[in-house]
Amino acid sequence: MTIIEKFLQEYNKQYDFYLELARIGNNKLETELAKRGIRAIVSNRAKKPDRLKEKLENRDKEKKYKSTEDIFKDIVDLAGIRVALYFPTDRELVDEIVSDLFEIEKIKRFPDSSHKPVYKKRFSGYWATHYRVRIKKSEKQLKRYQNTTFEIQVASVLMHAWSEVEHDLVYKPYSGQLTDEELSILDEINGLVLTGEIALERLQKAITKRTKESNQISDRYELTNFIVNSLGPNYIDKLKLGDTKILNNYFKNIYNYKPQEFKYFLNNINQSVDESISDQLINMFLDDYLKENMKDKSLKEYFHKIQPNRDASGFESFVKTWIILEKTYMVLLEENNLKDKHRKYFVPDFNRLRNITKITLKDIRDLTSYRKLRNQLIHGIESPNDAYLNNAYAGLREITLKLIEQLKNEEKKTELLNELNGI
């Protein structure tokens, strides 16, 4: 029995494993694409053993396999996922998702100048991004799959279709060697596909234009288009987009802003902070919604809209204390001439307090952790149990009190202490 035959025998036994790995990756991507408002068709497969044999025999001429382990290391797409995007420019957003979901071993972007096509082309060929990834070590429930690499291919729906045709006809010529005329037609189709991608990009911009003119956003897909095309590549390259499904729920059910009003918040996005665009926008909405009205009724109504079956008391105490913390932070910046007078909304950079207060590194680490908890709460994500929340509230209150006591303005100090004691 040859090494390739041994490998195929072993692979047949593990075929269901690779099918399941591909399915797991598929479901993760499909869920996140929906959350981010990215239109795509996601499919998955494990390589068919009968189609794999010919590929291995061809590669063996160059690789000279010594063992089945050599083959498993060489063939990284035994499990594979394909993301076919409606709009080609969304490849950058998918890059963010893949980075968040998986451990990336290698990224290959096409066209690749090192790749030499088997026939002379006029057009640039295949435009896509391929990722070699693994399941993250932190996902302990998927430990069985963590050491196996799989591939994710991301391209437009048009590019995937052309690539499939070219690959089967040119690189797997089951029906015979193609003539120059047939190769020329394939190249011509590639030109049409590239033209089609330009048309898809124009369609995406036209949807954004219609959204602005109609002053109505109908779903999270239009919301994502509106954000990406309004902000442009400078913001999208520097910041993560975040979860636009949650953002759309706020946009529709709680705030009811129109696109033109929403544009005001987009203009206040800060590129220099490590906070996603969606998180920054929700924080701005919350700022407007809560800071003008600290009454219990306002907070309870807000909380029951996002978590109708949970008790609001722990949420109220924590979020109210956070609001007082932000107010204290702003006063401290003002007192030390560090406040940006042109920026109404902000993401606190607690490291700035190190030089102007007696705050410790542990306090800063705790505040960073509390900010993550705050975002989790205000986004309506399932919150931790009451014991954990009460403990976090106590820690946040202690740091807030420490900062208030360091204020120079006695009137502000008294005002904020009264607010804190009234919670």
Side-chain angles (χ1 to χ4, degrees), residues 19-46 77 79-104 107-110 127-136 138-139 142 145 150-161 163-164 196-197 200-201 203-205 207-208 211 217-231 233 235-237 239-252 276-279 281-282 375 379-381:
L19 273 177
E20 181 63 12
L21 177 60
R23 187 195 66 79
I24 290 167
N26 184 109
N27 291 349
K28 285 178 174 294
L29 281 164
E30 214 163 36
T31 299
E32 284 304 311
L33 286 164
K35 282 184 180 180
R36 315 287 175 106
I38 299 170
R39 296 183 187 275
I41 300 167
V42 185
S43 57
N44 68 90
R45 59 101 184 102
D77 63 341
I81 301 160
R82 177 171 288 175
V83 179
L85 297 168
Y86 286 27
F87 302 116
T89 52
D90 285 345
R91 273 168 64 186
E92 301 303 318
L93 300 179
V94 177
D95 193 78
E96 173 189 318
I97 292 172
V98 174
S99 298
D100 285 349
L101 288 178
F102 307 106
E103 299 286 352
I104 297 177
I107 302 176
K108 194 169 185 180
R109 303 188 192 279
F110 298 88
W127 284 74
T129 308
H130 289 192
Y131 302 86
R132 292 181 188 177
V133 303
R134 294 176 188 263
I135 299 294
K136 285 192 171 183
S138 57
E139 299 200 56
L142 298 174
Y145 302 95
F150 58 100
E151 185 175 71
I152 301 169
Q153 299 178 357
V154 182
S156 75
V157 287
L158 298 179
M159 190 59 69
H160 273 308
S163 171
E164 193 73 23
E197 288 202 342
L200 286 172
E201 290 171 15
L203 175 61
Q204 191 174 24
K205 289 176 181 175
I207 291 171
T208 304
T211 301
I217 295 175
S218 59
D219 56 34
R220 63 181 177 272
Y221 300 103
E222 287 191 4
L223 180 60
T224 295
N225 269 350
F226 185 77
I227 292 171
V228 171
N229 285 283
S230 295
L231 290 177
Y235 283 86
I236 301 302
D237 289 347
L239 297 174
K240 290 184 177 182
L241 174 63
D243 191 335
T244 53
K245 180 181 179 182
I246 290 174
L247 186 61
N248 186 62
N249 289 339
Y250 276 66
F251 190 65
K252 285 287 193 185
S276 74
I277 291 167
S278 294
D279 280 352
L281 289 168
I282 291 176
N375 287 346
H379 292 181
I381 300 170

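Qualifying ring pair (Phe, Tyr, Trp, His ring centres under 6.0 Å) partners for His160, counting only residues two or more places apart in sequence or in other chains: none. Applying the ring pair (Phe, Tyr, Trp, His ring centres under 6.0 Å) criterion to Tyr131, with sequence neighbours excluded, gives no partner residue. Arg82 is linked by a salt bridge (charged side-chain N to carboxylate O under 4.0 Å, His left out) to Glu164, counting only residues two or more places apart in sequence or in another chain. Every side chain to side chain donor-acceptor pair (under 3.5 Å) that Glu197 has, sequence neighbours left out, goes to Ser156. Under the rule for a salt bridge (charged side-chain N to carboxylate O under 4.0 Å, His left out), Glu92 has no partner lying at least two apart in sequence or in another chain. A search for ring pair (Phe, Tyr, Trp, His ring centres under 6.0 Å) contacts involving Tyr221 returns nothing, not counting sequence neighbours. When the salt bridge (charged side-chain N to carboxylate O under 4.0 Å, His left out) test is applied to Asp243, no partner is found at least two apart in sequence or on another chain. Partners of Arg39 by side chain to side chain donor-acceptor pair (under 3.5 Å), not counting sequence neighbours: none found. Lys240 meets the salt bridge (charged side-chain N to carboxylate O under 4.0 Å, His left out) test with Asp100; sequence neighbours excluded. Looking at residues two or more places apart in sequence or on another chain, you find a ring pair (Phe, Tyr, Trp, His ring centres under 6.0 Å) between Phe150 and Phe102. Lys28 pairs by the side chain to side chain donor-acceptor pair (under 3.5 Å) definition with Glu139, not counting sequence neighbours. Applying the side chain to side chain contact (heavy atoms under 4.5 Å, CB included) criterion to Ala22, with sequence neighbours excluded, gives Asn44, Ala79.
Taking 4.5 Å as the limit, some side-chain heavy atom of Asn229 sits within range of a side-chain heavy atom of Lys205. For the pair Pro88/Met159, no side-chain contact is recorded, criterion being any heavy-atom separation below 4.5 Å from C-beta on. Side-chain contact between Val83 and Ile38 is absent, with no heavy atoms from C-beta onward closer than 4.5 Å. At least one side-chain heavy atom of Leu247 sits less than 4.5 Å from a side-chain heavy atom of Leu223. With contacts defined as side-chain heavy-atom distances shorter than 4.5 Å, the pair Leu203/Glu201 does not qualify. Between Arg36 and Ile97 there is a side-chain heavy-atom pair separated by less than 4.5 Å. At least one side-chain heavy atom of Leu281 sits less than 4.5 Å from a side-chain heavy atom of Ile227. For the pair Leu29/Val98, a side-chain contact is recorded, criterion being any heavy-atom separation below 4.5 Å from C-beta on.
The two atoms that bring Leu33 and Ala40 nearest to each other are CD1-CB, 4.1 Å, heavy atoms only. Closest of all the heavy-atom pairs between Leu200 and Tyr86 is CD1-O, 3.2 Å.
For the 3.5 Å distance criterion, the side chains of Gln204 and Asn225 qualify, holding a donor opposite an acceptor. Remark: the Thr244 side chain and the Thr224 side chain contain an N/O donor-acceptor pair separated by less than 3.5 Å.
Separation of atoms NZ (Lys245) and CZ (Arg220) is listed at 5.5 Å; rounding is to 0.5 Å. Taken from OG in Ser138 to CD in Glu103, the straight-line distance is 7.0 Å, to the nearest 0.5 Å. Note that the OG atom of Ser230 and the CD1 atom of Ile277 stand 10.5 Å from one another [nearest 0.5 Å]. We find the CD1-CD1 distance between Ile152 and Ile81 to be 5.0 Å, quoted to the nearest 0.5 Å. Between atom CH2 of residue Trp127 and atom OG of residue Ser163 there is a gap of 14.5 Å, rounded to the nearest 0.5 Å. Rounded to the nearest 0.5 angstrom, Asn248 CG and Ser218 OG are separated by 8.5 Å.
No side-chain donor-acceptor contact under 3.5 Å links Glu222 to the backbone of Ile207.
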Exercise. Could you please spell out the steps behind the side chain to side chain contact (heavy atoms under 4.5 Å, CB included) verdict for Lys136 and Arg134?
Key: CA-CA 6 Å; Lys136 285 192 171 183; Arg134 294 176 188 263; over 6 Å; no
Quiz item: Going through the distances and angles, do Glu96 and Leu241 end up as a side chain to side chain contact (heavy atoms under 4.5 Å, CB included)?
Solution: CA-CA 8 Å; Glu96 173 189 318; Leu241 174 63; 3.8 Å; yes
Self-check item: Steps toward side chain to side chain contact (heavy atoms under 4.5 Å, CB included) verdict (Val157, Leu85)
Solution: CA-CA 5 Å; Val157 287; Leu85 297 168; over 6 Å; no
Quiz item: Stepwise, does the side chain to side chain contact (heavy atoms under 4.5 Å, CB included) test hold for Thr89 with Arg91?
Solution: CA-CA 5 Å; Thr89 52; Arg91 273 168 64 186; over 6 Å; no
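One finds a salt bridge joining Asp77 and Arg45 here, because a Lys/Arg side-chain nitrogen approaches an Asp/Glu carboxylate oxygen to under 4.0 Å.
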